[in-house]
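Chain letters run A, B, ... following the sequence lines, proteins first and then strands; every chain starts at 1.
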2 protein chains.
Amino acid sequence: MQKEITIYDIAKQLELSPATVSRALNDHPAINQNTKTLVANKAMEMGYRSNMFASNLRRQRTKTIGVIVPRLDSAFMSTVLSGMEKVANESSYNLIISQSLESVTKEIANAKTMFDSRVDGLLVSLASDTDNLDHFNTFFRKGIPLILFDRVIAQKNCINIVIDNQKAGYDATIHLINQGCKRILHVTGSLKRNVYADRLRGYKLALLEHGLTGGAELERSTNLTRQDGLDLVNYIKSMAIPPDGLFIASDFCAATCITALKQSGFSVPTDIAVVGFNDDPVSLVIDPGLTTIHYPGQEMGEIAAQSLINHLNGLLRLSTTNTILLNHELVVRGSSQRVVSQSTLP
Amino acid sequence: MQKEITIYDIAKQLELSPATVSRALNDHPAINQNTKTLVANKAMEMGYRSNMFASNLRRQRTKTIGVIVPRLDSAFMSTVLSGMEKVANESSYNLIISQSLESVTKEIANAKTMFDSRVDGLLVSLASDTDNLDHFNTFFRKGIPLILFDRVIAQKNCINIVIDNQKAGYDATIHLINQGCKRILHVTGSLKRNVYADRLRGYKLALLEHGLTGGAELERSTNLTRQDGLDLVNYIKSMAIPPDGLFIASDFCAATCITALKQSGFSVPTDIAVVGFNDDPVSLVIDPGLTTIHYPGQEMGEIAAQSLINHLNGLLRLSTTNTILLNHELVVRGSSQRVVSQSTLP
DNA sequence: TTGTATGCGTTATCAG
DNA sequence: CTGATAACGCATACAA
């Protein structure tokens, strides 16, 4: 456990002042190039590592970004985090990650921890029952930037990074309609959350435009768990007239349904065509492959982190840009394809 | 952007010394209970938050744990992280998380960042091509504890937290043998990694014990990706005598195989019985359900974090315990069940 | 039980 | 281009 090397030690060895060493290490413009290389070499040789705490204490920033997500153990979220980590790492920011487990209470506690950790900025995707941003007021007051991604609430002082969920819901539904579906059931999550409310809106719009009936019987708000998927299939079996199309706001739940539907004697897509959401890896594994909305997780994470860092560096004014909309894409696979185009065969 | 409150401000208002305030805030035994509550209330009232950097600078610890994992975007890893986050949070430790993307080079860089961030301890799961722990020598030298989990290399100065992969591989194979399989193909990952090497060893042992043949033709080392799964099915189709059992060291790859096998006209489990590894959510979604080795991710994360924290608090001597073995469990589902027990029917 | 004084390692300001 | 010096906010040894 040898003693920690400081800039004083380097200064002494080089017969320079600590100030010069500090400046050299930080590539200060007003320092002789020779001195810089001299210092750099000596630092390396002596095994110097800068003390972030002293530095952070002196400057007033932490080079740390706080991230609060609903759940860590979701395929989509891991992709997002992966993107954030990549960008943060490149700009030598650290990430402090915590999960709200879909509970506002926990989210509030997390926010407090982040505040006490003096994060330079915050990246948040809201819990399913969060309905205001009051717990981030301490941040707003201090001018600490907050970026919401995916699950957001629009508010003037923070960037939102989302896809156009309404359009995506619309696209998914139109696709089913184009496959000849007349009776489309939509399964969604908590309608407090923009992502689900917007998808539902898009679904309704598509039905409306095509003169199809919707209504309560065809709109199910659930938690999108595996069990919800199984329950749904039972519900379908109980219906007088079962649906011929299924738009489910989560791939995992959709995949569960496909398996359960098949086991119940329905044929997918012939009896019931299915579209999911997220392009989770599972959509490629099941048979038939799941048609879904591709949703750029990695990219969303990268953009969120990059925007925050840009803002922290004064390269982007938060007030200027307010919502960043990422493109989504309908990925058509077997679960919805009724109209098989024979023309592509040799 | 109001001024930050310090212990000096509290001290002034209360006509106490900063030292007393500091001690009161830290629940120092030698402080009057009344003073403590007085200080606590005032701190609350003034909106005081402690400056971790000043504190960390003064003490010699950071209340921060570094985590390096191969990939963030894996179902298993998110579970582990979720467990770590839970425990760390409870003991008010922060987590700094980074990914090696399965590359030693990146892992070395990550280790350096962690070192510079002066983490109090390190939780690491190794990249697939890491074959020594030299890049952690800086930590060992400084006495910073390192705990390896899941993908480990045994070394005297650090705890390993693993499951008994050899036993698990053995169990999986024995199960297939019990289902009547005579020709079992094993698909594994990089043999540099304990997890895969050990599972292979268990597989071989089981074969040996039952006088079954193995050999190169029945051992495939891949990256366990989706594509590897598809390639495997092609390989199987090309075999003179295809296997009647498949033990694949990853559920996701196994699920892909099942789907592809069915599409190629094989019946699972009748023609080929399949066992995976990890109990990934996907194993419940596919049809038939995937028999697999359940692997306590959340628990592994919790135990790893807790052990580290205990060690940091002097409650656990690293040198005493060297390997913590978690239990695994064979979860039997449809993909391997040939011997249907009729007796359970009504 | 409380107060005084000091230093943790940096960086920013000011002066040369 | 470089140096001296003063904070940054806290925790502790020592004193009372």
Next item on the list: Starting at atom CG of L25(A), determine the distance to atom P of dT2(D), rounded to an integer number of angstrom.
Entry: 14 Å
Item checked: Atom-pair distance (CG on L38(B); P on dT1(C)), nearest Å -> 15 Å
Notebook entry, point to check: Considering only heavy atoms, which members of residues 44-51 of chain A lie under 4.0 Å from some atom of DNA chain C?
Noted result: Y48(A), R49(A), S50(A), N51(A)
Note to self: Check the phosphate of dA11(D) against N26(B), side-chain N and O only, distance under 4.0 Å to OP1 or OP2. Yes or no?
What the structure shows: yes
Note to self: I need the single residue from L122(B), I147(B), L133(B), V152(B) that forms a side chain to side chain contact (heavy atoms under 4.5 Å, CB included) with C158(B). Which is it?
What the structure shows: L133(B)
Item checked: Any residue meeting side-chain contact (heavy atoms from CB on, under 4.5 Å) with S55(B), in chain and number order, not counting sequence neighbours -> R59(B)
Check: Is any side-chain heavy atom of M52(B) closer than 4.5 Å to a side-chain heavy atom of N94(B)?
Finding: yes
Checklist line | Sugar-phosphate only, base, or nothing, as touched by S22(A) at under 4.0 Å among non-hydrogen atoms | finding: base
Notebook entry, point to check: Taking CD from E4(A) and P from dC8(C), how many angstroms apart are they, rounded to a whole number?
Noted result: 13 Å
Measure all distances between protein nitrogen or oxygen atoms and nitrogen or oxygen atoms of nucleotides 3-5 of chain C, and list the pairs falling under 3.5 Å.
from	atom 1	to	atom 2	distance (Å)
dG3(C)	OP2	S17(B)	N	3.0
dG3(C)	OP2	S17(B)	OG	3.3
dG3(C)	OP2	T20(B)	OG1	2.4
dG3(C)	N7	R23(B)	NH2	2.6
dG3(C)	O6	R23(B)	NH1	3.2
dG3(C)	O6	R23(B)	NH2	2.8

Check: Could you state the CG-P distance from D9(A) to dG9(C), rounded to the nearest angstrom?
Finding: 9 Å
Checklist line | Y8(B) side-chain proximity, nearest of dC8(D), dA11(D), dT1(C) | finding: dA11(D)
Note to self: For a 4.5 angstrom cut-off between non-hydrogen side-chain atoms, does V39(B) reach L25(B)?
What the structure shows: yes
Next item on the list: On the 0 to 90° scale, with breaks at 30° and 60°, tag the F139(B)-F115(B) ring pair as parallel, tilted or perpendicular.
Entry: perpendicular
Next item on the list: State which of dC10(D), dT1(C), dG9(C) makes the closest approach to the side chain of A30(B).
Entry: dT1(C)
Check: How long is the line joining CZ of R118(A) and P of dC8(D), in whole Å?
Finding: 13 Å
Check: How many Å lie between CD1 on I7(A) and C1' on dA4(D), as a whole number?
Finding: 13 Å
Next item on the list: Using the six-membered ring of F53(B), assess whether NZ or CZ of R118(A) lies under 6.0 Å from its centre and within 45 degrees of the ring axis.
Entry: no
Notebook entry, point to check: Atom CZ of F53(B) and atom C1' of dG7(C): how far apart are they, to the nearest Å?
Noted result: 19 Å
Item checked: Short side-chain N/O contact to dT2(C) OP1/OP2 from T35(B), under 4.0 Å -> yes
Check: side chain to side chain contact (heavy atoms under 4.5 Å, CB included) with Q298(B): which of L81(B), T79(B), V80(B)?
Finding: T79(B)
Next item on the list: Salt-bridge test for R61(B) and D120(B): reply yes if a basic N is under 4.0 Å from a carboxylate O, no otherwise.
Entry: no
Item checked: Salt-bridge present (R151(A), E102(A); N to O < 4.0 Å) -> yes
Next item on the list: For S55(B) and for P29(A), locate the closest nucleotide of DNA chain D by heavy-atom distance; then report the residue assigned to the nucleotide nearer the 5' terminus.
Entry: P29(A)
